[in-house]
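Working notes, structure below.
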Amino acid sequence: MPDIARYLEDRALVLLSNREPYEHVHGKNGIEVRQPPGGLVSALDPTMQRTHGIWVAWGSGSADRETADEQGRLRVPPDDPTYSLHRVWLDEEDIDGYYLGFANSALWPLCHMLIQHFRFRAEHWTRYQNVNERFADAVASEAMRAQADGRQAMVWIHDYHFALVADLLRPTAPDAFVHQFWHIPFPPPDILHLLPTDVHDAVLRGLLGNDLLEFHTERYAFNFLSCVAESVPDALVDLERRQVTCGEHTTTVGVFPISIDVDEYESLALRPASSARVAELRARYAPGDRQLGVSVDRIDYTKGIPERLSALELLWSESPELRERFTFIFVATPSRSDLAPYKALEEEVISTVAAINARFGTPDWVPIVLVNENVNAELLASIYRAADICLVSSLQDGMNLVAKEFIACQIEERGVLVLSRFTGAAEEIDGAVLINPFNVDGFAAGIRHALAMPREERRRRMADMRAQLAKSTIFDWLEAILSEASSLMNERSVQRWKEPAR
Ligand code: ADP
Ligand code: F6P
C-alpha cells in the first residue's frame, strides 16, 4: 500500500466535486444515509478516508441541512468519521441551469461524443458560471482556513461540473496549488466546437487555470491539448512535454487511469455472507453447467443499454440452445431522471426487458432478471463473483469502474469480461473480449464466444487481468497524482524563491 500521507504532511487537501460522498435523506425509518452511485464517489471516498482532507460538494439530500452544522459542515463517514464534508446549497434554478442544464445536457453529451443529446441554452450557461463562482468561494474559504493553520492548500477539483473553478481561484487563493481530474472523456476539437465560441473559449481557459490537469488516457489528454492549440491564440502548447503556457502560468497535463479499492472489493466478495449468496444465486439462476451473465450501471445513454439488450435478444434468437441455459442479471439504477432522455431510457429499459422475457421466457425460466435499484456494495460483490460473464457496453466511457469491480470480485476466476472498446478500461487492461456495441451482430458473437470459452482460457485471462489490476489500484492512482502534484508544488516554490524581490 503506497504511503500517501507523506505527500500531505504540511499541506491541506481540499477536494471539490458536485456529488457528495454521503447524502442524508428522509426515509421510511427517519433520516437515512446513502452513498450515491457513480464512479467518482466510489473512487474518492476510500482515498479521502486515507488523506483526512475536506470535501466540498453539493448538499443534495432532503435531510442534508438537518445533519450538518450552520456552515454546512459535518464529519464522515457517519459511522466512523475520518474526514470533513462541507455542503454547499443549491436552489431549484441552480439545479436546472447548472447541473441538469449546462453540465448534463451540454458538456456530458459533447464529451461522450453523443451529440444527438447536446442541448445548449444561454440561461444554463449563465447559471453554470454563477454556481462555479459560489463553489470557488467555498473552496477559497477552506484554503484560507488551511493557510491560517500554517498549511498550504492543495485544491483538487473533480470533473466537468467545475470547468471554471481553477481560473476563478487564481485571484482568490493565489497560494493554493490547484489541480483537476476530468472523469469523463475529452472530445476532439470538432466536437467541442459545437459550443458557442465564447463558451468554448471560457471552458478551455477555465481549465488552463489548473497547475495540473489529469485525464484517464493519452487520447483524452491529446484531445484537450489539440483543442487548446486550435483555439487559444496566446497559449504555447508543448505536445511532447504535455504543457501549456499562457503568459506567466503553466498547466501540466497528465495521464492517470483511475481504479478501485481492489482489496476492499475482494474482501467483500470473500465474506462468508457473500459466499452463501453466491451459492444461492448460482443455485437459483445457473444450476449445473448453466451460465449466469451480469451488468451493472446507472441508466445512462452513454452505457449502451439498448444495444446490450438488442445483442442479448439476437443471441437468444439465433442460438435457441442457449435459452434456459444462460440467464442475465441486469442491475440498473435510475439516474438523472429529471432529464427527458434519461426518463425515456428508464421506460425503454423496463419495456424492452419485459418484451424479451415475454418472447423467450418459459414457465420455469426468466431470461433477464431486472434489478431496477441501487444495490449495496456487498450484494454487488456477490453478483460479480457469481457471474460467468459481465457485459460492459458503453458507447463512450471515461474509464468504467464496473469492469474493474467485476475483475476484483472474480475469486474463482470463472468469469469472462465482455468489454466495449470505447471505454478507458479497454485501453488499459488486456484480457477482455472486446466488442463494438454499435455492431449488434459482433456484440452477440462476442457474448457467444465468451459463453463457449473453455475453463482453462477463462482462468488464464482472468488471472492475467487480476494481476494487472493488483498493480494499479485506486491507491496507486492517488499516489501517482499526489506525487506529481507534490513535485510541481515543490518546483513552484523553488521558482518563487528564485524570483527577485520587487
Ligand atoms: P459512471 O461513473 O459513469 O457511473 P462507472 O462504471 O465508472 O460509471 O462507475 C459506476 C459506479 O457506480 C460503480 O462503482 C458501480 O458499482 C456503481 N453503481 C452503478 N450502478 C449501481 C447500482 N445499481 N447499484 C449500486 N452501485 C451502482
Ligand atoms: O463519473 C462521472 C460522473 O458524472 C460523476 O461525476 C458522477 O458522480 C457520476 O458520474 C454519477 O452521476 P451524477 O452525479 O450526475 O448522479
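The chain is numbered in sequence order, starting from 1. When a ligand or atom number is given, it counts from 1 through the structure's own listing order. Note: hydrogens, waters and symmetry copies are ignored here, and every other heavy atom, side chains too, is used. All values derive from a computational prediction rather than experimental measurement.
At a 3.5 angstrom cut-off on N or O pairs, Trp108 does not count as close to ligand 2. Below 3.5 Å of separation, one finds an N or O of Ser42 facing an N or O of ligand 1. Considering backbone and side-chain atoms together, Trp108 places no N or O closer than 3.5 Å to any N or O of ligand 1. Below 3.5 Å of separation, one finds an N or O of Leu401 facing an N or O of ligand 1. Remark: ligand 2 and Arg336 share an N or O pair separated by less than 3.5 Å (distance only, no angle test). Checking only distances, Leu380 never comes within under 3.5 Å of ligand 1, N or O to N or O. The distance criterion of under 3.5 Å between nitrogen or oxygen atoms is not met by Asn104 with respect to ligand 2.
Using bins of under 30°, 30° to 60° and over 60° for the plane-to-plane angle, the ring pair Phe102/Phe120 lands in the perpendicular bin. Using cut-offs of 30° and 60° for the angle between ring planes, the Phe177 and His179 rings count as tilted. The aromatic rings of Phe186 and Phe215 sit perpendicular, their planes meeting at an angle over 60°, well past the 30° parallel limit.
Panel note: side chain Tyr128, backbone Leu164; no donor-acceptor pair is recorded below 3.5 Å. Glu347 places no side-chain N or O within 3.5 Å of a backbone atom of Ser351 that could act as its donor or acceptor partner. Within the 3.5 Å criterion, the main-chain N or O of Leu419 finds no donor-acceptor partner in the side chain of Thr423. In this structure, the side chain of Ser393 engages the main chain of Lys303 through a donor-acceptor pair within 3.5 Å. His216 places a side-chain N or O within 3.5 Å of a backbone atom of His183 that can act as its donor or acceptor partner. Side-chain atoms of Thr126 come within 3.5 Å of backbone atoms of Ala122 as a donor-acceptor pair (strictly under, hydrogens ignored). Checked by atom type and distance alone, the side chain of Ser394 never pairs as donor or acceptor with a backbone atom of Gln396 at under 3.5 Å.
Contact annotation for Glu373 and ligand 1: only backbone heavy atoms (N, CA, C, O) come within less than 4.0 Å of the ligand. The residue His183 has no part lying near ligand 1, judged by heavy-atom distances below 4.0 Å.
In terms of protein heavy-atom proximity, atom 13 (C) of ligand 1 is closest to Glu405 OE2, 3.2 Å. In terms of protein heavy-atom proximity, atom 12 (O) of ligand 1 is closest to Gly38 N, 3.0 Å. Scanning the protein heavy atoms around atom 4 (O) of ligand 1, the nearest turns out to be Arg298 NE, 2.7 Å. The protein heavy atom nearest to atom 16 (O) of ligand 2 is Arg19 NH2, 3.1 Å. Nearest to atom 10 (C) of ligand 1 among the protein's heavy atoms is Gly39 N, 3.6 Å. For atom 22 (C) of ligand 1, the closest non-hydrogen atom of the protein is Asn374 OD1, 3.6 Å. From the protein, the heavy atom lying nearest to atom 27 (C) of ligand 1 is Pro37 CB, 3.9 Å. For atom 11 (C) of ligand 2, the closest heavy atom belonging to the protein is Arg298 NE, 3.5 Å. Among protein heavy atoms, the minimum distance from atom 8 (O) of ligand 1 is reached at Lys303 NZ, 2.9 Å. For atom 20 (N) of ligand 1, the nearest non-hydrogen atom of the protein is Asp297 C, 3.4 Å. In terms of protein heavy atoms, atom 15 (O) of ligand 2 is closest to Tyr99 OH, 2.6 Å.
Heavy-atom contacts of Val402 reach the following atoms of ligand 1: 6 (O), 15 (C) (cutoff under 4.0 Å). Of all atoms in ligand 2, listed by their number and element, those nearer than 4.0 Å to a heavy atom of Tyr160 are 4 (O). Near Val331, meaning under 4.0 Å from one of its heavy atoms, ligand 1 places the atoms 23 (N). Near Val296, with a cut-off below 4.0 Å to any heavy atom, the atoms of ligand 1 are 19 (C), 20 (N), 21 (C).
In this structure the side chain of Leu204 reaches within 4.5 angstrom of the side chain of Leu192, judged on heavy atoms.
Not close to ligand 1: Met399, with no non-hydrogen atom less than 4.0 angstrom away. His161 counts as a contact of ligand 2, since one of its heavy atoms falls under 4.0 Å from the ligand. At least one heavy atom of Asp159 sits under 4.0 Å from some atom of ligand 2.
Within 6.0 Å of CG in Asp190 there are 12 or fewer heavy atoms belonging to other residues, nucleotides or ligands.
Judged by the 6.0 Å and 45° rule, Arg87 forms no cation-pi pair with Trp58. For the pair Arg336 and Trp108, the cation-pi test (distance below 6.0 Å, angle within 45°) is passed.
If you check the side chains of Thr82 and Arg50, you find no donor sitting under 3.5 Å from an acceptor.
Between Leu345 and Tyr301, the shortest heavy-atom contact is CD2-N, 3.5 Å.
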